[in-house]
Amino acid sequence: MKGVIQRLDHIGIAVRDSRERLGFWADLLGLELERAEAVPSEGVRTWFLDAGRTHIELLESLDEQGPIAKFLKKKGEGIHHLCLEVDDVDAILLRLTARGIDPLSPGVRDGAGGCRVAFFHPKVTGGVLLELSQKPRETTPRQELPFSPGHLVVLYLSNPRERLVGVIRSLDATGLSLEGMDLEAWDDWVSQHARAEESPISPSLQYFPMSRVDKMLADQDSPNLPSFTRRFEERTGRRLSETLTGLLESGS
Ligand code: CO
């Protein structure tokens, strides 16, 4: 059967001051901030916190006339909506509308992160706004990709839009640890090595859950751009694998 609920994706909480509330949820409770996103069309800024198999979404109003501002005025801070992840939002919509239960606005909408969403009014759910959300197909790399520890990759994070270059130290379906640096620091780092400077920018080891990874590209030559590894070696006359202490040990 299509139109099956997969899990509780997140609980949305309307807050007046996100910095104050992040102080509790992130700093004190220790939930990791996965992404922050402003959705001007909805008049809202959202903060997604990783809560294990689900998320807490803090919603702050950007617009006096927006839905969150109205919610806060009417009810104060509190649970604004629940979001269930579904395999096929169209199939569920069809089933519900056939029973006379219509979504808030007709049809399926494009939500944050490429999701397709539909909302149902609190009066049909028992007092809470319900979001049904279908994830876009395959936005995260899967385990069978030809990446393994020791490979140099360029990592694109979904949000905030960070790009990193580095060597995979460990990798499984849930996440990877990368020893490397911000893509923007790479050129400086290479320059320091080319000039044999004393205190180069040092790569750091960071862990990224797959949910934060937008895409990952292998470092390889392309027709008009040589690989990072090749550029490093041509500019410095040194082998990248020997320069990055402890790096590439399983890849070369
Ligand atoms: Co939401």
Side-chain angles (χ1 to χ4, degrees), residues 3-26 29 31-93 96 101-140 157-161 209-214:
V4 179
I5 305 300
Q6 310 288 304
R7 67 187 179 114
L8 176 63
D9 186 82
H10 63 264
I11 297 172
I13 302 176
V15 300
R16 288 213 168 81
D17 180 348
S18 61
R19 282 186 44 197
E20 184 187 343
R21 297 310 174 199
L22 282 169
F24 173 76
W25 290 97
L29 277 188
L31 269 57
E32 193 191 335
L33 180 64
E34 213 171 75
R35 59 191 161 93
E37 194 168 0
V39 191
S41 63
E42 304 278 331
V44 66
R45 186 193 305 282
T46 71
W47 307 83
F48 261 84
L49 297 155
D50 187 350
R53 291 190 199 159
T54 189
H55 300 85
I56 302 291
E57 178 188 29
L58 300 184
L59 301 143
E60 183 182 46
S61 181
L62 290 175
D63 173 1
E64 284 292 292
Q65 305 305 319
I68 296 304
K70 284 180 186 160
F71 181 92
L72 288 168
K73 241 172 258 166
K74 204 167 146 193
K75 303 201 168 185
E77 289 185 306
I79 293 184
H80 174 262
H81 67 274
L82 301 183
C83 176
L84 297 176
E85 185 190 338
V86 302
D87 63 341
D88 186 338
V89 68
D90 297 282
I92 297 195
L93 224 61
L96 293 177
I101 296 168
D102 292 316
L104 267 183
S105 53
V108 175
R109 294 198 268 161
D110 290 327
C115 291
R116 303 184 65 243
V117 300
F119 287 90
F120 289 88
H121 197 277
K123 73 183 180 223
V124 300
T125 63
V128 68
L129 179 65
L130 175 66
E131 175 183 7
L132 299 180
S133 172
Q134 180 182 344
K135 290 241 172 340
R137 293 196 197 295
E138 288 317 319
T139 55
T140 51
L157 299 182
S158 44
N159 222 322
R161 303 203 176 283
M210 277 305 174
S211 53
R212 281 192 67 197
V213 176
D214 195 20

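Counting starts at 1 for both ligands and their atoms, in listed order.
For H80, there are no side chain to side chain donor-acceptor pair (under 3.5 Å) partners, not counting sequence neighbours. Judged as a side chain to side chain donor-acceptor pair (under 3.5 Å), and not counting sequence neighbours, the contacts of D90 are R116.
Heavy-atom minimum distance, D87 versus G3: OD1-N, 3.0 Å. Nearest heavy-atom pair across S133 and C115 is OG-CB, 3.5 Å. Closest non-hydrogen pair, A14 versus F71, comes out as CB-CD2, 3.6 Å.
Counting only residues at least two apart or on different chains, the salt bridge (Lys or Arg N to Asp or Glu O under 4.0 Å) pairs with a member in residues 68-86 are R7-E85, R21-E77, E85-K135.
Around the Co ion (ligand 1), the protein atoms of type N, O or S found under 2.8 Å away are H10 NE2, E57 OE1, H81 NE2, E131 OE1, listed by chain and number.
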